[in-house]
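These notes are about the structure you will find just below.
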Amino acid sequence: MRILHVITSLRTGGAEKLMTELLPRIIECGEDVELCVFDGVKTPFYEELERRDIVIHALGQSVYSPMNIIRLLSLIRKYDVVHTHNTACQYYVAMASVFTKCRLVTTEHNTLNRRRNIWWLLVDKWVYSRYQKILCISALVKKNLIRHIGVGFEQKCEVVHNGIDISLYDKNTQPLQQSTKKRVLMVSAFRKQKDHKTLIKAFALLPKEYELVFAGGGEQYLIDECSILAERINIRDRVKFLGIRTDVVELLKDADVVVLSSHYEGVSLSSLEGMASGKPFIASDVEGLRDIVGGYGILFPHEDYKTLATEIRRVCEDKDYCIDIVRKCQERARMFDISVMVKKYLDVYKYGHVVDDEESGGTACV
């Protein structure tokens, strides 16, 4: 079986990082999988996949160029299954598929997006009708998508949670550097759905021994806005912008607290990594996070920087509370091991839906 995953780029973000974890495991399970990217700019994720001998087809450097449809026409007909991620890929592959017979699968990564309105409804209905299976990364993602495109698509949709390699966090990793400061880490691309500014505002209420570290690339204007905000509230010397990093496991080991401040999420890989890290995890109480973090990690009200500052201090100063949160977070993270996701993806490719072990003969590679 020949499988092609299609994604806009390998610049930064959860879906992009997922490719580096998922594709090599599919190959280990004996399947032939390759990757197509619209934006072929070389990035650490791109180079990591090349090191793992994943074939990458780069269409160019423009995500929304209509020429991508033409380029896809000759490419996707070579595969049995084409699996898309991100809006541009969903749209352009759907258009190109009119002239091919390959089976289409897509993953819906977010609970919300900007095109969920009446003007896009008919277009979205047609696009999603081209896919044989729509994999939603949480029950809430599925619920919101069905609410948008209609109950007639319910049979196409199936929940398959994103996953992480839990084994990475069970290893004894040496810290990158020793520090006497209390280090708070947020691993997240700078995009509109993220809420870095609330975390920056919280630091204005924390003592000077607290240090804030951001890991992730994204939109430069958002990075600049955050830097200006930190300067304006006189904490710029305590805020570090590391950019895109491939050593996230080590960065998490260096942290005292891991935070994800966001406006909405799907099932965030960085939240799962934070919960698996062995450090206390704090997240915004918003769609896509409360269902994963609630009852395990710590939730703070959306954009409430005062409560966030209070929770950061509490986990740093109350040892017993911190230990309890870490234990529950790790327990939760184990439910999202990537081996579970890989099995379900392979089920969909082979059988058209997620199956139990009895139906698959117990042969699925995990």
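Worth saying up front: this structure is predicted, and the values here are computed from it rather than measured. In this chain, numbering begins with 1 at the start of the sequence shown.
Taking the centre and axis of the six-membered ring of Tyr321, the NZ or CZ atom of Arg314 falls inside the cone set by 45° and 6.0 Å.
Alongside Tyr305, the hydrophobic cluster contains Leu205 (criterion: ILVMFWY side chains under 4.5 Å).
Results of the side chain to side chain contact (heavy atoms under 4.5 Å, CB included) test with Asn162 over Ile338, Ile137, Leu22 single out Ile137 as the only residue that passes.
Ring geometry for Tyr210 versus Phe203: interplanar angle over 60°, hence perpendicular rather than tilted (30 to 60°). The aromatic rings of Tyr79 and His57 sit perpendicular to each other, their planes meeting at more than 60°, with 30° as the lower class boundary.
Side-chain contact check for Tyr91 and Asp124: at least one donor-acceptor pair (N or O, by modelled atom type) lies under 3.5 Å. With no hydrogens or angles considered, no side-chain donor-acceptor pair links Tyr92 and Thr84 at under 3.5 Å.
Under the 4.0 Å criterion applied to side-chain N and carboxylate O atoms, Asp347 and Lys344 are not assigned as salt-bridge partners. A salt bridge links Lys197 to Glu225: at least one charged side-chain nitrogen sits closer than 4.0 Å to a carboxylate oxygen. Using a 4.0 Å cut-off between a side-chain N of Lys or Arg and a carboxylate O of Asp or Glu, Asp32 and Arg2 qualify as a salt bridge. Salt bridge Glu211/Arg238: absent, no basic N to carboxylate O contact under 4.0 Å. Asp165 has a carboxylate O that lies under 4.0 Å from a charged side-chain N of Arg25, or vice versa, which qualifies the two as a salt bridge. Salt bridge Arg191/Glu219: absent, no basic N to carboxylate O contact under 4.0 Å.
Residues Ile223 and Val41 do not share a hydrophobic cluster, defined by chaining ILVMFWY side chains whose heavy atoms lie under 4.5 Å apart.
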Residues Val213, Val184; criterion side chain to side chain contact (heavy atoms under 4.5 Å, CB included); working and verdict: CA-CA 6 Å; Val213 178; Val184 179; over 6 Å; no
